[in-house]
Amino acid sequence: QVQLVESGGGSVQAGDSLRLSCTASGRTGSNYAMAWFRQAPGKEREFVAAITWSDANTIHANSVKGRFTISRDNAKNTVSLQMNSLKPEDTAVYYCALDQRDYSRSYYPSPSRSEYGYWGQGTQVTVSS
């Protein structure tokens, strides 16, 4: 089993920054991928960013490119999402997720929600104008 615990959400003003963190524990394996998704009220859960654990290859959604950066800390088993220049439309519950498939032969992580079998409880991010 895998457990994911998020932290770092909060309420900020437009233009501010926040950093989300997610710590994984349990039987994660070694060549997996982790991602951040978000869900705003009344909307589908959408992909934000993902990273492969072994090579740290990343992808970001077009809506956050240049503003958000995903990274990982192997020693702490933690993935982070640095969010800069936040906008009111970034308001959502942010979820950390883990795709346990073997990424040793794949260059990029998947942006598909269905590939992620483990999810955190979510952390609220609210951006006011």
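Quick note: residue numbers are just sequence positions, from 1.
Checked by atom type, the side-chain pair Asn77/Thr23 shows no donor-acceptor distance below 3.5 Å. Residues Thr78 and Ser21 have side chains that never bring a donor and an acceptor to within less than 3.5 angstrom of each other. For the residue pair Gln3/Ser25, the side-chain donor-acceptor check at 3.5 Å is satisfied. Checked by atom type, the side-chain pair Ser112/Ser114 shows a donor-acceptor distance below 3.5 Å. Side chains of Thr126 and Gln124: a donor-acceptor N/O pair is present below 3.5 angstrom, by distance only. For the residue pair Asn74 and Trp53, a side-chain donor N or O sits within less than 3.5 Å of a side-chain acceptor on the partner.
Closest approach of Ala49 and His60 over heavy atoms only: CB-CD2, 3.6 Å. Residue Tyr94 comes nearest to Leu20 through the heavy atom pair CB-CD1, 3.6 Å, listed as atom of the first residue, atom of the second, then distance. In this structure, Val12 and Ser17 approach most closely via the heavy-atom pair CG1-O, 4.4 Å. Contact record, Ser54 with Asn31: CB-OD1, 3.5 Å, taken as the closest heavy-atom pair. Among all heavy-atom pairs drawn from Ala24 and Leu4, the shortest one is CB-CD2, 3.6 Å. Ala33 and Pro109 make their closest contact through CB-CB, 3.9 Å (heavy atoms, listed as atom of the first residue, atom of the second, distance).
Contact check for Val79 versus Ile70: side-chain heavy atoms found under the 4.5 Å cut-off. Contact check for Trp119 versus Val2: no side-chain heavy atoms found under the 4.5 Å cut-off. Counting only heavy atoms from C-beta outward, the side chains of Thr123 and Arg38 never approach each other to under 4.5 Å. In this structure, the side chains of Thr28 and Leu98 come closer than 4.5 Å at one or more pairs of heavy atoms. No side-chain heavy atom of Asp55 sits under 4.5 Å from any side-chain heavy atom of Tyr103. With contacts defined as side-chain heavy-atom distances shorter than 4.5 Å, the pair Trp36/Glu6 qualifies. Looking only at side-chain heavy atoms (C-beta outward), Met34 and Cys22 come within less than 4.5 Å of each other. The side-chain heavy atoms of Val125 and Met83, taken from C-beta on, include a pair separated by under 4.5 Å.
Here the side chain of Arg19 pairs no donor or acceptor atom with the backbone of Gln82 at under 3.5 angstrom.
Gln100 pairs by the side chain to side chain donor-acceptor pair (under 3.5 Å) definition with nothing, not counting sequence neighbours. For Tyr116, the ring pair (Phe, Tyr, Trp, His ring centres under 6.0 Å) test picks out Phe37, with sequence neighbours left out. In this view, Arg101 and Asp99, Glu115 satisfy the salt bridge (Lys or Arg N to Asp or Glu O under 4.0 Å) rule, not counting sequence neighbours.
The hydrophobic clustering, which links ILVMFWY residues whose side-chain heavy atoms are closer than 4.5 Å, places Tyr108 and Phe47 together. Leu86 and Val48 fall within a single hydrophobic cluster, where Ile, Leu, Val, Met, Phe, Trp and Tyr side chains are chained together by heavy-atom contacts under 4.5 Å. Hydrophobic cluster membership is shared by Ile59 and Tyr107, with clusters built from Ile, Leu, Val, Met, Phe, Trp and Tyr side chains linked at under 4.5 angstrom.
Among the candidates Glu46, Arg45, Glu44, the single residue satisfying the side-chain hydrogen bond (donor to acceptor under 3.5 Å, both in side chains) test with Gln39 is Arg45.
The OG atom of Ser71 sits 8.5 Å away from the CG atom of Leu81 when rounded to the nearest 0.5 Å. Atoms OG1 and OH, from Thr52 and Tyr32 in turn, are 10.5 Å apart once rounded to the nearest 0.5 Å.
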